[in-house]
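Being a predicted model, the structure only gives us computed values, none of them experimental. Values below: every heavy atom of this structure, side chains too, minus hydrogens, waters and symmetry copies. Atoms within a ligand are numbered from 1 in the order they appear, just like the ligands themselves.
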Amino acid sequence: MTALLASAVDTLRARAPKARPQVAVVLGSGWGGLAAHVEEPLRVPYADLEGFPHAGVAGHAGEVLLGRIGTRQVAILCGRKHAYEDGDVKAMKVPLLALRELGCEVLVLTNAAGSLDSRMPPGSLMVLNDHINLPQRSPLVGETGADRFVDMVNAYDPGLRATALSVARRGGIEMREGVYLWCLGPQFETVAEIRMFRQLGADAVGMSTVPETILARRAGMKVLAISLMTNMAAGMSEENLSHAHTLAQAGRVTATASQLLADVIKEIAP
Ligand code: HPA
């Protein structure tokens, strides 16, 4: 374990000595409402944790929230650092490994994304069944040993995907499965790029999640990821794309999305 990771784990253990988190969660834009579902919440600011991102993006809080959702003990990373901020694809490495070290065997990733499928209009939810790492950047560059050659088949756990889909179905919430394509950003895509991505088999496009999935798979965690569609991708609607628009659209459905996520977490097998 690196010194940064050890320090972060020590601080979390000192602040939350009783916490035994099983499920780690990363909240992206539009998913902040999940915090309201956490019982016995305990907060640790990223600023107090070595190796955690110390500057955020609008819409992200920058703290670890420890507590319980149903009978599941959770550790929620409220706010992520994106690779587009300074080019660092390992930005979430220490936070994710710290939660793994505390006992989390499952990681739930959430994000806001642009939809490439007209059957998923803004406000829709999509469970990732695969991803396309378009930038072909990896948070594992520089690692050594055979374990760095991570198998990415079924990177998004089939059992967790089935749980999420069945919870949505029972709740009367339409949710599809699809492929998420990662763009480095921060600029939105061109119309020609989106046309190409559709031909490549992408259903959604976004600027996060993929490096975190790779880190989590390397650490042996099962991954579930859900996208909240905040817009149709470039050229697919009359809307102009902007971060403010993303946040406004995300805010519209945050309550439904967060309720669904809380219900899914309650059903994740320990
Ligand atoms: N493209 C990339 N990232 C996004 C989008 C988009 O259209 N919407 C929300 N995040």
Enclosure of Arg68 CZ (heavy-atom neighbours >12, cutoff 6.0 Å): yes
Lys90 atom NZ, neighbour heavy-atom count above 12 within 6.0 Å: yes
Residue pair Val205 / Tyr180, side-chain heavy-atom distance below 4.5 Å: no
Thr110 versus Leu228: any side-chain heavy-atom pair under 4.5 Å? no
Of all pairs that satisfy side-chain hydrogen bond (donor to acceptor under 3.5 Å, both in side chains), the ones with a partner from residues 93-106, not counting sequence neighbours: Lys93-Glu143
Looking at Gln136, is its backbone amide N or carbonyl O close enough to the side chain of Asn133 to form a donor-acceptor pair, meaning the two atoms are under 3.5 Å apart? yes
Heavy-atom cut-off of under 4.0 Å around ligand 1: list whichever protein residues fall inside it, by chain and number. Ala112, Ala113, Gly114, Phe188, Glu189, Val205, Gly206, Met207, Thr230, Asn231, Thr246
